[in-house]
There are 2 protein chains.
Amino acid sequence: MSDTLHRNTRQRTAIRKVFESVNRPLSAQQVLELAQAEVDGIGIATVYRNLKTLLDEGWLTQVELPGGNLMYECAGKAHHHHFQCESCNRVYELEGCVPTIEKLARPGFKVRRHELVLYGTCATCRRPVQN
Amino acid sequence: MSDTLHRNTRQRTAIRKVFESVNRPLSAQQVLELAQAEVDGIGIATVYRNLKTLLDEGWLTQVELPGGNLMYECAGKAHHHHFQCESCNRVYELEGCVPTIEKLARPGFKVRRHELVLYGTCATCRRPVQN
DNA sequence: ATAGATGCAAAGAGTTTGCATAGGT
DNA sequence: ACCTATGCAAACTCTTTGCATCTAT
């Protein structure tokens, strides 16, 4: 898949630019809305197709947030997790991890990876209602 | 919602029984298949409606596994997390938690809850391949 | 000029809802 | 008898695909 020749269309360029400017995971819908500021008639199918292409190229990674839609972020970042605001639904990146996390597995189970998500209210959403 | 009078239909009883017999989270589709052994013509809409009712009653809780469908398990269990086998896709419950987990949040962020999922190979799937 | 990319609309999965009827209480 | 619950099908959301057209190379 990643050995196919790809063209630099206005749409694909705009989508890449969106991810480079906002440094947080985005859903397909959010990508569409942000990309529409750049390319007027861009459609949701184009967004999905480019998300898939960029995943295949290894430029994006999928962020699997529990329960919600799939989200996407630039690849190549250090191991990290996410915080989702239950008020504005925005997703933030967290630094670091908990080293003992894989110790929770039962004996005989092989842990290959883990996902960790914190939920709550982000600093921005807390402020309006006073600290 | 939970102050409404509910009736004990064959369907609802079967669904409850399914959760009581298998001690692991189930998707709506899995509930349907298991409940069909008990009640013949049960439909998917009934399953979804009852899952919602049982959630409202506090008898079930939603298990939000990343990327996949929502799953459901009996409520009232101690705080715990899950392990998903990447080979058989079965979900296991884990005991305990990591106490420092909410320290990962940025300053000013209010953490209300967290989800943690380990992925790998379960003991059953490892055994056939020796060890 | 050629072949990949786009936009639109239709098609699929998963979930929800409207409506007439069945069935607990 | 009353009124909730059910089954069916249609509606809805999110994602994918078919097809004619456009466009980067």
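Values reported hereafter were calculated over all heavy atoms of this structure, with side chains retained and with hydrogens, waters and symmetry mates removed. Sequence lines set the chain letters: A, B, ... in the order given, protein chains first and strands last, and positions in each chain run from 1.
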For B:I44 and D:dT6, what is the distance between atoms CD1 and C1' respectively, to the nearest whole Å? 14 Å
Nearest-angstrom distance from the residue atom CE of A:M71 to C1' of D:dT15: 15 Å
Taking only side-chain nitrogens and oxygens of B:H6, does any of them come within less than 4.0 Å of OP1 or OP2 of D:dA5? yes
Could you check whether B:I42 gets within reach of a base, just the sugar-phosphate, or nothing at all, counting any heavy atom under 4.0 Å? sugar-phosphate
Pairs meeting criterion ring pair (Phe, Tyr, Trp, His ring centres under 6.0 Å) with involvement of residues 90-111 of chain A, two or more places apart: A:Y92-B:F109, A:F109-B:F83, A:F109-B:Y92
Here's a test of your reading of the structure: between B:R12 and A:R49, which maps to the more 5' nucleotide of DNA chain D? B:R12
Would you mind reading off the distance between B:N50 atom CG and D:dT6 atom C1', rounded to a whole angstrom? 9 Å
For A:T46 and C:dA5, is the shortest distance between a side-chain N/O and OP1 or OP2 below 4.0 Å? no
Once hydrogens and angles are ignored, does a donor-acceptor distance under 3.5 Å link the base of C:dT25 to the side chain of B:R7? no
Flag the pair A:H114 / B:H81 as yes when their ring centroid distance falls below 6.0 Å, and as no otherwise. no
Identified side chain to side chain contact (heavy atoms under 4.5 Å, CB included) partner of B:Y72 from the options B:T61, B:V47, B:L55, B:L26: B:L55
Let me know the distance between CD of B:Q29 and P of C:dG12, rounded to the nearest Å. 18 Å
Rounded to the nearest Å, what distance is computed from the OH atom of residue B:Y48 to the C1' atom of nucleotide D:dA5? 18 Å
Rounded distance in Å - CG (A:L70) to P (D:dC14): 12 Å
Identify, with sequence neighbours excluded, every residue that meets side chain to side chain contact (heavy atoms under 4.5 Å, CB included) alongside A:Q36. A:L32, A:I42
Roughly how many Å is it from CG in B:L5 to C1' in D:dC3, rounded to a whole number? 10 Å
To the side chain of B:K52, which of D:dA24, C:dG7, C:dT16 is closest? C:dT16
Taking only side-chain nitrogens and oxygens of B:T9, does any of them come within less than 4.0 Å of OP1 or OP2 of C:dG23? no
Just so I know, are the side chains of B:E64 and B:H82 near enough to count as touching, which here means a heavy-atom distance under 4.5 Å? no
Gap between atoms CG and C1', on B:N8 and D:dA5 respectively (whole Å): 12 Å
